[in-house]
Amino acid sequence: MENSAGQDLPASVLEFRLPDLGEGLTDAELVSWAVAVGDTVELNQAIADVETAKAVVSLPSPFAGRVVELLAQPGDTVAVGAPLIRIRTAGTEQTTNEAGRTSVLVGYGPEAEATSRRRPPAQPGVSRTESMNSPAEPGLSRPGGVGGRPGESRASRPDGTGGEAQEPGVSRPGDVGAAEEPHRRQPDPAPGPARAAATPAARKLARELGLDLWFIAGSGPGGAVTVEDVRGAVPVSQPRAATAPTVADAGPVRPSIREERTPISGIRKRTAAAMLTSARTIPQASTFVTVDGTASMELLDHLRSTKSFAGLTLTPLALVAQAALAALADFPGMNACWDEAAQEIVTKHYVNLGIAVATERGLLVPNIKEAQTLSLRDLTKEIGWLADTARAGGATPAELRGGTFTITNVGVFGVDAGVPLVNPGEAAILCLGSIRKRPWVVRDEIAVRWVTTVGVSFDHRMVDGELAARFLATVAGFLEDPLTLLSRV
């Protein structure tokens, strides 16, 4: 058997290609390897982290064996279907088709993602993605597998490959359809040492700084090294060493006191693309209202002392989210999207509520599915869980897709107001400013009250200024008199 470069390889050496994770994307960035050449891997063992659609996804090994070659480096952009790794297997589940060609049957599809709510937080850098690795029935594509529809037979595929079609994501070097990019085969080394536990972001930073993770004490779950641990191991007062530093003379974060260049990749690259699309394609406008939120703050203080909210972090954001959901029920035109191809406005009678979360890797907007069905208590739990998971790097692509309305909270940074850009595919975004004690006129007298500014940016193609203003005034009314809000829940 030959690989794409024409080299003979043993039949026991298999290639695992980057699968289509079901996000409609054509590539992903390799964040880090969890294995090295010479390592022994088990079935379903995490072998690499890739970043796509703002999520870090852990790829499980589709078979057991020993790593022969890594075909991409951290930081590389890998196309879907391109080979990632070669593994020598001791034994392989195989099926032989009518032409005598052997295929390895391994499934990996987007339906394997866990998308239910109220789950324990994922480990940092690892999304809750499951693989389907049991051998498939010969001649049938596995429901949910990449490249096949449920119930579709290999013989019925439009590409005409029939029973010879191989499961996407896995190939033998030299099989039909293998990538044509040549890779030099490395000799089989002796098994290497175990790999230090660390989050993907920490591995990337340590690699950029030339630091060895083995010599950095970890403070994360299970002793994993975090970004803070890596930064704490770097003395910023010294000039950066030209070569990889030792533990005693590690280089600094800043290579220059005048300029610093940061490659545009990962979340920053995808955020930039989304915001450019927003600015170029969406005619946007904004409106604001200043609100006396004293009654809301008093209600929150009371609820925090009740048994129902014991152990929960109840913040003004949760009450604002509940107010927005109630207002969306009154003004569904704010919960819509623009279908350019069909020239239609699609109004949605469900709310996947996006919550903007600032993380070490950039801004993420995971969303709470069917948020309109949740009580204030459940909404508080969901917001806290989703934010913690996103900051830990565990948000899945499914949790980052499909939002219908977004809330961003600039008040946590001490900012009074903001003008956010509308996320592509949505009609509006609500912005909550800081809540402060300020002088306020109450019954013709000056009083100290809790005051905040709430704003909304909207797509003016489908939302008129009147609709946006009435929606925002309704949200403000709920915050000024939250008992009317709770009476609707």
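If you read the sequence from its start, that first residue is 1, and numbering goes on from there.
- Here the shortest heavy-atom pairing between L432 and V454 reads CD1-CG2, 4.1 Å.
- Here the shortest heavy-atom pairing between A324 and I407 reads CB-CD1, 4.1 Å.
- Of all heavy-atom pairs between G81 and R17, the closest is O-CD, 2.9 Å.
- Residues that satisfy the side-chain contact (heavy atoms from CB on, under 4.5 Å) test with T406, not counting sequence neighbours, are V365, N423, E426, I429.
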- Determine, stepwise, if the pair L374 / I368 fulfils side-chain contact (heavy atoms from CB on, under 4.5 Å). CA-CA 10 Å; L374 302 180; I368 301 170; 3.7 Å; yes
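- Atom CG of L379 sits about 6.0 Å away from atom CG of L325, to the nearest 0.5 Å.
- In this structure, CD1 in I85 is found 10.5 Å from CD in E15, a value given to the nearest 0.5 Å.
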- Task: Show the numbers, then the answer: is there a side-chain contact (heavy atoms from CB on, under 4.5 Å) between L400 and N367?
- Result: CA-CA 6 Å; L400 294 164; N367 62 82; 5.8 Å; no
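- V456 places a side-chain heavy atom less than 4.5 Å from the side chain of T287.
- Annotation for P74 and V31: closest pair CB-O, 3.4 Å, computed over non-hydrogen atoms.
- The salt bridge (Lys or Arg N to Asp or Glu O under 4.0 Å) analysis of residues 325-337, with sequence neighbours excluded, yields the pairs D330-R488.
- In this view, S286 and S457 satisfy the side-chain hydrogen bond (donor to acceptor under 3.5 Å, both in side chains) rule, not counting sequence neighbours.
- Looking at V80 and P19, their side chains never come closer than 4.5 Å, going by heavy atoms from C-beta outward.
- When side chains are defined from C-beta on, M334 counts as touching V463, because their heavy atoms get closer than 4.5 Å.
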For residues 335-342, tabulate all N or O donor-acceptor pairs below 3.5 Å that involve a side-chain atom, not counting sequence neighbours.
residue: N335; atom: OD1; partner: T404; partner atom: OG1; Å: 2.8
residue: N335; atom: ND2; partner: K348; partner atom: O; Å: 2.8
residue: N335; atom: ND2; partner: Y350; partner atom: O; Å: 2.7
residue: W338; atom: NE1; partner: E340; partner atom: OE1; Å: 2.8
residue: D339; atom: OD1; partner: A341; partner atom: N; Å: 3.2
residue: D339; atom: OD1; partner: A342; partner atom: N; Å: 3.1
residue: E340; atom: OE2; partner: Q343; partner atom: NE2; Å: 3.2

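- The heavy-atom pair separating G418 from F288 by the smallest distance is O-CE2, 3.3 Å.
- A donor-acceptor pair under 3.5 Å is absent between the side-chain atoms of D49 and the main chain of S32, judged by distance alone.
- Residues forming a salt bridge (Lys or Arg N to Asp or Glu O under 4.0 Å) with R470 (at least two apart in sequence, or on another chain): E466.
- Rounding to the nearest 0.5 Å gives a distance of 11.0 Å between CG of L472 and CG of L467.
- Between R438 and D416, at least one side-chain N (NZ, or NE/NH1/NH2) sits under 4.0 Å from a carboxylate O, which counts as a salt bridge.
- One N or O on the side chain of D39 and one on the backbone of A36 form a donor-acceptor pair closer than 3.5 Å.
- Judged by distance alone, the side chains of S278 and Q284 do bring a donor and an acceptor atom under 3.5 Å apart.
- Judged by distance alone, with hydrogens and angles left aside, the side-chain atoms of D459 form no donor-acceptor pair with the main-chain N or O of V422 at under 3.5 Å.
- Using a 3.5 Å distance cut-off with no hydrogens or angles, the side chains of R377 and S375 do not pair a donor with an acceptor.
- You'll find the side chain of L485 reaches within 4.5 Å of the side chain of Q322, heavy atoms only.
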- Message: If you apply the rule side-chain contact (heavy atoms from CB on, under 4.5 Å), what do you find for V410 with V412, and how did you get there?
- Response: CA-CA 5 Å; V410 299; V412 294; over 6 Å; no
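- L386 contributes atom CG, which lies 14.0 Å from atom NZ of K381 (distance to the nearest 0.5 angstrom).
- The closest side-chain heavy-atom distance from V35 to Q45 is below 4.5 Å.
- Proximity of a side-chain donor or acceptor of T389 to a complementary backbone N or O of A395 within less than 3.5 Å is not detected.
- Proximity of N44 to S61: side-chain heavy atoms (C-beta onward) are nowhere separated by under 4.5 Å.
- Taking every heavy atom of both residues into account, M297 and I435 meet most closely at SD-CG2, 4.1 Å.
- Summarising the geometry, atom OG1 belonging to T408 is positioned 11.0 Å from atom CG belonging to L421; distances are rounded to the nearest 0.5 Å.
- The ring pair (Phe, Tyr, Trp, His ring centres under 6.0 Å) analysis of residues 451-480, with sequence neighbours excluded, yields the pairs F405-F471, F458-H460.
- Each of L59, L71, I47, L70 was compared with L84 under the side-chain contact (heavy atoms from CB on, under 4.5 Å) criterion, and only L59 meets it.
- Proximity of T315 to I383: side-chain heavy atoms (C-beta onward) are nowhere separated by under 4.5 Å.
- We find the CG-CG distance between L299 and D481 to be 10.0 Å, quoted to the nearest 0.5 Å.
- Checking R391 against T359 by side-chain atom types alone, no donor-acceptor pair falls below 3.5 Å.
- Using a 4.5 Å heavy-atom cutoff, the side chains of R461 and I282 are in contact.
- Checked by atom type and distance alone, the side chain of S296 pairs as donor or acceptor with a backbone atom of L479 at under 3.5 Å.
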- Message: side-chain contact (heavy atoms from CB on, under 4.5 Å) for V291 and E480? Distances and angles first, verdict last.
- Response: CA-CA 7 Å; V291 183; E480 290 176 345; 3.5 Å; yes
